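To start, the structure itself, in structure tokens.
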Amino acid sequence: NISPSVSMEGWIYGGTASNPSVSGNSGSGSVTYEYKVKDAADLTYTTTKPSNAGTYTVRATIGATTNYNGGTTTANFTISKANGSVALSAASGSTNYPNAKTITVTGNASGGTLSVNTSNSSVATAVISGTTVTINPGTTTGKATITVTSAETSNYNAATATYEITVGKGTINVTPTAYAGEAD
């Protein structure tokens, strides 16, 4: 009889996949590897190495040789989520009340659902539609941080990008009006 063991290092999604390694194969029997999601039924084993983030089980089956019986052994490994990323068309800007400012989400590598919030809604509020972020001045002047978040997905962690907005006072254009009977 042999006393085999298998091991497999985990990796990060999108990175180079590890290969399993067997020890205790005294008779140098042929080895086949199969994979399944951890705790899934054994009938789900497949020879296709997984690529999505998650925890899996590798099973090594060692064939019998002239002098040794075959054997089977398993081990768990994890494919970790990659860090997500999101990018904006600018890092900062300014506007004067009541003019809105728009910026664009230029990259969302993780493909997560986008959302937006503000650090100070009295200075500025923000909404997102598709990849366009519209920043509207609030009721006071000052600075606010607009944060765009790409939500966590099955293969990527959540990611954020920030935009610093400075909101100044608006200008009022007054046109003088001449009144009848008044001297210039």
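Here the structure is a predicted model, which is why all the values come from computation and not from measurement. We use all heavy atoms of the structure for the numbers below, so side chains are in, but hydrogens, waters and symmetry mates are not.
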Leu114/Asn108 under side-chain contact (heavy atoms from CB on, under 4.5 Å): CA gap, chis, key distance, verdict: CA-CA 9 Å; Leu114 296 171; Asn108 183 10; 3.6 Å; yes
Option among Thr147, Leu88, Ile146 that satisfies the side chain to side chain contact (heavy atoms under 4.5 Å, CB included) test with Thr162: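 With Thr162 as partner, side chain to side chain contact (heavy atoms under 4.5 Å, CB included) holds for just one option, Thr147.
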Closest non-hydrogen atom pair between [X] and [Y], with its separation:
X      : Y      : result
Ala60  : Val31  : CB-CG1, 4.3 Å
Asn157 : Asn83  : ND2-OD1, 3.3 Å
Gly84  : Ser110 : CA-CB, 3.9 Å
Thr44  : Lys36  : OG1-CB, 3.6 Å
Pro20  : Val58  : CB-CG2, 4.2 Å

Closer than 3.5 angstrom, by distance alone: can the side chain of [X] be matched with the main-chain N or O of [Y] as a donor-acceptor pair?
X      : Y      : answer
Thr46  : Thr48  : yes
Thr95  : Asn99  : yes
Ser18  : Glu9   : yes
Lys49  : Tyr33  : no
Thr141 : Gly168 : no
Ser129 : Thr132 : no
Thr74  : Arg59  : no
Ser119 : Thr145 : yes

Can you find a pair of side-chain heavy atoms, one from [X] and one from [Y], that are under 4.5 Å apart?
X      : Y      : answer
Lys81  : Glu152 : yes
Val133 : Tyr163 : no
Ile128 : Val105 : yes
Asn136 : Thr134 : yes
Asn25  : Pro4   : no
Ile79  : Pro50  : yes
Pro137 : Pro98  : no
Ile135 : Thr102 : no

How about [X] and [Y]: does a side-chain donor come under 3.5 Å of a side-chain acceptor?
X      : Y      : value
Lys143 : Asn120 : no
Ser23  : Ser5   : yes
Thr47  : Glu34  : no
Thr140 : Ser122 : no

Common cluster, Val37/Val6, ILVMFWY with side-chain heavy-atom separation under 4.5 Å: yes
Nearest-0.5 Å distance, [atom1] of residue [X] to [atom2] of residue [Y]:
X      : Y     : atom1 : atom2 : answer
Asn19  : Met8  : CG    : CE    : 6.5 Å
Asn76  : Ser7  : CG    : OG    : 12.0 Å
Ile62  : Ile2  : CD1   : CD1   : 4.5 Å
Asn155 : Ile12 : CG    : CD1   : 12.5 Å
Ser26  : Asn69 : OG    : CG    : 11.5 Å

Aromatic ring proximity Phe77/Tyr56, centre distance under 6.0 Å: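 Yes.
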Verdict with supporting geometry, Lys101 and Ile165, side-chain contact (heavy atoms from CB on, under 4.5 Å): CA-CA 9 Å; Lys101 178 86 172 179; Ile165 185 78; 4.2 Å; yes
Ring geometry between Tyr13 and Tyr156 (parallel below 30°, tilted from 30 to 60°, perpendicular above 60°):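 Perpendicular, since the angle between the ring planes exceeds 60°.
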Co-members of Tyr97 in a cluster of I, L, V, M, F, W and Y side chains, linked at under 4.5 Å: none
